[in-house]
Structure formats: C-alpha cells, structure tokens
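Structure, as structure tokens:
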Amino acid sequence: MHTIPPIASPLLAWYSQHARSLPWRDDPFPYAVWVSEIMLQQTRVEAVKSFFDRFLQELPTIDHLAQADEQTLLKLWEGLGYYSRVRNLQKAAQVVVQKYGGQLPASFEDLKQLPGIGDYTAGAIASIAFQLPVPAVDGNVLRVMTRLTADDRDITKPAVKKDYFQRISEILQPLARSGDFNQALMDLGATICLPNGLPKCGQCPVSHLCRAFGENRTMDFPVKPEKKPRKIEKRTVFLLVKDHKVALRQRETSGLLAGLWEFPQVEGSLTVKAAAEQLKNWGIEYQSIQKAHRHKHIFSHIEWHMGSYTVLCEGSLLWDSAFVWVSQKELQQTFPLPAAFQPFVSEIPW
Ligand code: SF4
C-alpha cells in the first residue's frame with residue numbers, strides 16, 4: 001500500500017488563501033463547531049448556513065440547548081431532515097451540563113461518549129475547537145486519500161477508515177494546525193477533489209503529489225460497492241381544510257420522522273373513490289374533494305411518491321382525536337413539518 005505523500009505544507013498554504021468563509025469558522029468556539037458538524041452530516045454547506053445562524057441565535061449556549069422544549073427544537077431543525085440528529089444533540093447537551101458544567105470536554109475519547117458524536121464529529125471538534133491532533137475522516141477525506149495514494153480498497157469497509165485514521169494521526173502529531181489541516185482536507189474534497197469522477201485536478205494544490213492524477217486514473221477512485229436502489233412507497237396525503245385551518249397529526253414516537261407533524265396520509269395511491277372511503281372511515285363530512293399535485297421525497301433508503309387530495313370539510317365533525325387544527329400562522333411558527341410535506345403547504349386553500 002502506498003504511503004500518504006507529504007501534503008501538509010502545500011495543503012495548508014492553499015487553505016490559508018482559499019479557506020471557505022463559513023459562519024462557524026469566524027469564531028470556532030466548541031459549541032458552534034459541534035452544532036455545525038451535526039448539521040453538516042447529510043446536509044449541504046449552503047443549506048446549513050441559515051439554519052446554523054438561526055439555531056445559535058435561539059439557543060446561544062449548551063445550557064439553552066439542554067433546556068429547550070422539544071417542539072422548539074424540532075421547529076429549528078425543520079427542513080434539515082434526519083431529526084434524530086437534533087434529539088441526540090439535546091441529549092448530549094444535557095450530559096455536558098450535568099457532567100462537564102456546560103462546557104464540551106477537550107478530549108477525543110470523552111467527546112465520543114456523547115450521544116450522536118462518532119469518530120468523525122469528535123475528531124472535527126477536537127481538532128478545530130481544541131487544536132488536538134486528531135483526524136476527522138469522512139467520505140470526502142477517504143475520497144481524497146484514496147486518490148492521492150491510488151488505493152483500490154473498498155472505502156465502505158471500517159478497516160480502511162481505521163487505517164486512514166491512524167495514518168492521518170501520524171501526519172497531525174507534529175503539526176501545530178490540526179484543525180486547519182482537517183478543514184483543508186474537507187474543503188479540498190468539497191470544492192476541488194469532487195465526487196463522481198469530476199475532480200478539478202488543474203486547481204489542486206497537491207496534484208504534483210497525487211498518484212491517481214499522475215497515473216491518469218482519477219476516475220478509478222474511490223472504490224465502493226454499488227448502492228442498492230431505494231424502496232419506492234406510494235402515499236396519499238389529505239389536506240383537510242375548515243374555517244381557515246388545516247388538519248395535522250403527530251407521527252409515532254419511533255421510526256421515520258418520529259414525533260414530527262404531518263398532514264393525514266395513508267399508504268397507497270388512492271383513487272377518488274378510495275379517498276372518499278378513507279374520509280368516511282375517519283368520520284369526516286366534506287363539501288368537495290379535489291385531486292391536487294404529486295410530489296416525490298427522497299430519504300436515504302426510501303422514496304415517497306405522494307399524491308394529494310384537497311378536501312373542504314363541513315358539518316359536525318367526529319374527528320379522529322389524533323388530528324389537530326392549525327392556522328397558517330401556527331403551521332409556520334409552531335408545528336415542525338418535515339420537508340417531505342412542505343410542497344403541499346402552497347396547495348392549502350386557506
Ligand atoms: Fe483529487 Fe485531482 Fe487533487 Fe488528486 S490531483 S487529490 S484526484 S483533485
């Protein structure tokens with residue numbers, strides 16, 4: 001196996017000139033680094049910026065986060081998806097308050113013990129906020145590394161990640177700028193050494209050291225198994241409207257989108273007749289039912305293909321007690337509605 005070439009010096013020089021300006025980098029105090037890293041898991045940098053600012057404004061310290069009520073927390077996360085991230089963030093904040101007096105511990109091992117913090121996030125916080133010589137190895141870093149070394153091992157294997165963790169640790173030990181080194185690798189992976197065989201090698205500060213580039217084999221790396229196709233689920237969403245309010249219900253406390261709010265919906269692509277039957281089962285009287293739009297939402301392993309009906313309700317309603325009626329303002333400000341249902345909001349005839 002080829003050793004990692006001596007990239008530290010050109011990479012850091014490049015980073016000094018080209019580091020992306022990001023809100024959490026201006027003042028990288030531990031809480032800010034932590035929140036940004038959790039948000040950046042599975043979400044693009046551009047999308048995270050506004051969420052980050054709002055989150056830090058509402059919950060400026062770990063104590064505030066530890067004490068926030070769940071609906072406020074989920075509302076702040078609305079649109080980011082993967083809501084277990086924010087639930088774990090709060091659980092961890094509560095531990096930090098109880099065990100460490102509200103300050104994140106300056107230790108890779110202690111950080112890793114906190115809910116929702118794995119090797120990568122612990123490494124990012126330890127190096128960026130505390131300047132500890134710990135790597136932060138994610139898919140981006142593995143892509144860069146396997147190209148630099150023309151490594152054809154499968155990067156989804158834990159042993160490969162572990163190996164690079166060890167080898168990058170050795171590079172970091174003598175460096176004074178661990179946080180910058182890790183962030184430089186992140187930036188290189190995000191802006192130059194792009195995925196899907198599209199690296200911009202002409203702009204790369206370490207191309208002269210890169211084995212894949214030298215051998216004209218950048219398309220060969222990283223090596224990973226083909227993804228399984230996502231499961232497709234058809235669903236029918238009901239926009240039930242009465243007196244300028246729309247019906248919502250809360251999802252189960254476990255599983256996909258746990259505890260969040262949704263428009264009442266059922267499995268399958270219902271015909272108008274079947275939709276009318278469903279309304280009858282819920283005990284709903286209505287003036288009109290109209291087929292509206294179709295939307296697709298992609299989760300990591302599932303795709304929801306959704307069709308909606310707009311239903312103008314009337315009469316005395318024997319509502320399922322699980323439904324609550326909310327105004328437009330309450331929907332915007334109070335109830336966390338996952339991104340999957342957001343496209344339907346513009347279809348509600350308030
Ligand atoms: Fe990636 Fe190309 Fe730079 Fe190699 S030369 S690290 S493939 S961008």
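Numbering of ligands and ligand atoms starts at 1, following listing order. Excluded from the calculations below are hydrogen atoms, water molecules and symmetry mates; all remaining heavy atoms, backbone and side chain alike, are included.
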Cut-off 3.5 Å, side chains only: do Q173 and E170 have a donor facing an acceptor?
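Short answer, no.
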[atom1] ([X]) with more than 12 external heavy atoms under 6.0 Å:
X	atom1	result
Q290	CD	no
K112	NZ	yes
Q71	CD	yes

Under 4.0 Å from a heavy atom of [X]: which atoms of ligand 1 are those, numbered in the order shown and with their elements?
X	answer
S207	5 (S)
P199	2 (Fe), 8 (S)
R147	7 (S)
T218	7 (S)

Can you tell me if C201 has an N, O or S atom under 2.8 Å away from atom 4 (Fe) of ligand 1?
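No, outside the cut-off.
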Write down the atom of W350, the atom of V326, and the distance for their closest heavy-atom approach.
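So the minimum-distance heavy-atom pair works out to CZ3-O, 3.7 Å.
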Which residue from G214, G202, C204, A150 reaches closest to atom 8 (S) of ligand 1 through any of its heavy atoms?
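Residue with the shortest heavy-atom distance to the ligand atom: C204.
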Nearest-neighbour protein heavy atom for atom 4 (Fe) of ligand 1, which is reported as residue plus atom name and distance
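Result: C210 SG, 2.4 Å.
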From atom 3 (Fe) of ligand 1 out to just under 2.8 Å, does an N/O/S atom of C193 turn up?
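It does not; every qualifying atom lies at 2.8 Å or beyond.
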Would you call the rings of W14 and H18 parallel, tilted or perpendicular if under 30° counts as parallel and over 60° as perpendicular?
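Parallel.
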